[in-house]
Colleague: 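Please see the structure below; I have some questions.
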Amino acid sequence: MINTRLEVRPATPGDLSAVNDIYNQYVAETHYTFDVEPMTADARREWFTHYAGSGRHRVIVAVSEGAVVGYASSGRFRPKPAYETSIETSIYLAPESIGRGVGARLYEGLFKALEGEDVHRAYAGIALPNPASIGLHETFGFKRVAHFTEQGRKFGRYWDVAWYEKPLGAGPVEPAAK
């Protein structure tokens, strides 16, 4: 069972080394991210500049006994302006935190933080197979909307990716152009 004193809070610059360590383990050992080279500390700091303590784009961390044990983010889905109300979510956990409720606590915190923001849809791309991630996303109301075959190559083979979608707050609707 997860430590009941798990703290879920917005990430700070001081968390970035631990966030990077968690992510880079996935880069080196899994097909769950299609990065093939570890992210440098400088690249992680630049990545963090795309997030804030308010608005659509957030990074939150789970901290247990003083150590970051996972993080979740909501970032830009696509760069074109009409996609602004769509976000892509990501979640990564330290190996010892998998299956202990940390992912659920992170997503609870992330989606609570996004309440009231102008966000219409959340998307998550899941490299297959990954039953734990699929289960987490489905628990939070994500539905599979696409399955791309052999979308990425890593570790000498091609991997499929399933895309999941979650409706969020409606946000304002702009009038149609005349």
Side-chain angles (χ1 to χ4, degrees), residues 1-77 87-115 117 119 122-142 152 154-155 159 161-166 168:
M1 204 66 180
I2 188 65
N3 180 336
T4 56
R5 289 185 250 160
L6 182 75
E7 177 187 10
V8 175
R9 60 167 173 73
T12 67
D15 299 321
L16 294 181
S17 178
V19 164
N20 212 35
D21 289 346
I22 291 168
Y23 183 76
N24 282 339
Q25 186 167 0
Y26 284 87
V27 172
E29 299 176 8
T30 77
H31 68 279
Y32 299 159
T33 173
F34 286 171
D35 277 330
V36 295
E37 295 293 330
M39 184 175 276
T40 66
D42 287 342
R44 180 60 66 188
R45 283 189 294 276
E46 194 283 325
W47 169 87
F48 193 58
T49 66
H50 299 273
Y51 298 91
S54 63
R56 300 177 183 106
H57 305 142
R58 313 273 185 109
V59 179
I60 62 169
V61 294
V63 179
S64 178
E65 299 177 9
V68 173
V69 296
Y71 72 96
S73 64
S74 60
R76 182 178 291 277
F77 175 64
I87 57 170
E88 182 176 349
T89 63
S90 293
I91 189 163
Y92 291 93
L93 305 177
E96 67 275 8
S97 298
I98 295 169
R100 304 181 130 225
V102 176
R105 293 279 305 276
L106 280 165
Y107 261 1
E108 285 170 2
L110 180 64
F111 292 122
K112 182 173 176 51
L114 292 171
E115 287 176 2
E117 297 295 343
V119 180
Y123 295 93
I126 302 173
L128 303 175
N130 191 339
S133 186
I134 289 169
L136 176 67
H137 285 85
E138 288 178 344
T139 296
F140 278 85
F142 283 82
K154 187 173 181 181
F155 302 136
W159 301 92
V161 175
W163 279 90
Y164 284 75
E165 176 184 67
K166 174 183 174 65
L168 294 172

Colleague: Considering all heavy atoms of both residues, which atom of S73 and which atom of V59 are nearest to each other, and what is their separation?
Modeller: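 Nearest pair, atom of S73 first, then V59: CB-CG2, 4.0 Å.
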Colleague: What residues form a salt bridge (Lys or Arg N to Asp or Glu O under 4.0 Å) with E7, not counting sequence neighbours?
Modeller: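 Salt bridge (Lys or Arg N to Asp or Glu O under 4.0 Å) check on E7 returns R9.
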Colleague: List for me each residue that meets ring-ring contact (aromatic ring centres under 6.0 Å, His included) alongside Y123, sequence neighbours excluded, and say none if there are none.
Modeller: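 Y123 satisfies ring-ring contact (aromatic ring centres under 6.0 Å, His included) with F77 once adjacent residues are dropped.
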Colleague: Could you tabulate the donor-acceptor pairs under 3.5 Å formed by side-chain atoms of residues 106-113, not counting sequence neighbours?
Modeller:
{"from": "Y107", "atom 1": "OH", "to": "T89", "atom 2": "OG1", "distance (Å)": "2.8"}
{"from": "Y107", "atom 1": "OH", "to": "H137", "atom 2": "NE2", "distance (Å)": "2.7"}

Colleague: Among all residues two or more places apart in sequence or in another chain, which pass the side chain to side chain contact (heavy atoms under 4.5 Å, CB included) test with A18?
Modeller: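 Scan of A18 (side chain to side chain contact (heavy atoms under 4.5 Å, CB included), adjacent residues dropped) gives V68.
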Colleague: What residues form a salt bridge (Lys or Arg N to Asp or Glu O under 4.0 Å) with E165, not counting sequence neighbours?
Modeller: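 E165 satisfies salt bridge (Lys or Arg N to Asp or Glu O under 4.0 Å) with R121 only.
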Colleague: Would a distance-only check, ignoring hydrogens and angles, find a side-chain to backbone donor-acceptor pair under 3.5 Å from H31 to N130?
Modeller: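 Not a single qualifying donor-acceptor pair exists.
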Colleague: Looking only at heavy atoms, what is the nearest atom pair of I126 and S133, with distance?
Modeller: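 Answer, listing the atom of I126 first, then S133: CD1-OG, 3.7 Å.
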Colleague: Sequence neighbours excluded, which residues qualify as side chain to side chain donor-acceptor pair (under 3.5 Å) partners of E46?
Modeller: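 For E46 the side chain to side chain donor-acceptor pair (under 3.5 Å) partners, ignoring immediate neighbours, are H50.
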Colleague: Could you list the residues that satisfy side chain to side chain contact (heavy atoms under 4.5 Å, CB included) with A67, not counting sequence neighbours?
Modeller: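 Side chain to side chain contact (heavy atoms under 4.5 Å, CB included) list for A67, sorted by chain: empty.
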Colleague: Holding to side chain to side chain donor-acceptor pair (under 3.5 Å), I want the full list of residues that pass it with E138, two or more places apart in sequence or in another chain.
Modeller: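 Per chain and number, E138 pairs via side chain to side chain donor-acceptor pair (under 3.5 Å) with no residue.
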Colleague: Mind checking what makes side chain to side chain contact (heavy atoms under 4.5 Å, CB included) contact with Y26, not counting sequence neighbours?
Modeller: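 In terms of side chain to side chain contact (heavy atoms under 4.5 Å, CB included), with neighbours along the sequence ignored, Y26 is linked to I22, T30, Y32, T33, Y92, L93, I98.
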Colleague: Could you check whether any side-chain N or O of R105 sits under 3.5 Å from a backbone N or O of L6, counting only pairs where one atom can act as donor and the other as acceptor?
Modeller: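 Here the side-chain-to-backbone pair exists.
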Colleague: With sequence neighbours excluded, tell me which residues meet side chain to side chain donor-acceptor pair (under 3.5 Å) with R76.
Modeller: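 Expected list: none.
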Colleague: So which atom in P10 and which in V61 form the shortest heavy-atom distance, rounded to 0.1 Å?
Modeller: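 So the two residues come closest at O-CG2, 4.4 Å.
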Colleague: Taking all atoms of both residues into account, what is the closest heavy-atom pair of L128 and W159, and its distance?
Modeller: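 Nearest pair, atom of L128 first, then W159: O-CE3, 3.2 Å.
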Colleague: Report the residues that fulfil side chain to side chain donor-acceptor pair (under 3.5 Å) with T12, sequence neighbours left out, ordered by chain and then residue number.
Modeller: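 Partners of T12 by the side chain to side chain donor-acceptor pair (under 3.5 Å) criterion, ordered by chain and then number, come out as D15.
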Colleague: Could you name each residue pair satisfying side chain to side chain donor-acceptor pair (under 3.5 Å) that touches residues 35-44, not counting sequence neighbours?
Modeller: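 Listed once each, the pairs are N20-R44, Y23-D35, D42-R45.
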Colleague: Distance check, rounded to the nearest 0.5 Å: I91 atom CD1 versus S74 atom OG?
Modeller: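 Rounded to the nearest 0.5 Å, the CD1-OG separation comes out at 11.5 Å.
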Colleague: Do E117 side-chain atoms and G55 backbone N/O form a donor-acceptor pair below 3.5 Å?
Modeller: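 Yes; judged by distance alone, with no hydrogens or angles, the pair exists.
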Colleague: How many angstroms lie between CZ in F142 and CG in L136, if you round to the nearest 0.5 Å?
Modeller: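 CG of L136 is found 8.5 Å from CZ of F142.
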Colleague: How far does NZ of K166 sit from CD1 of I87, to the nearest 0.5 angstrom?
Modeller: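 Answer for the NZ-CD1 pair, K166 versus I87, is 9.5 Å.
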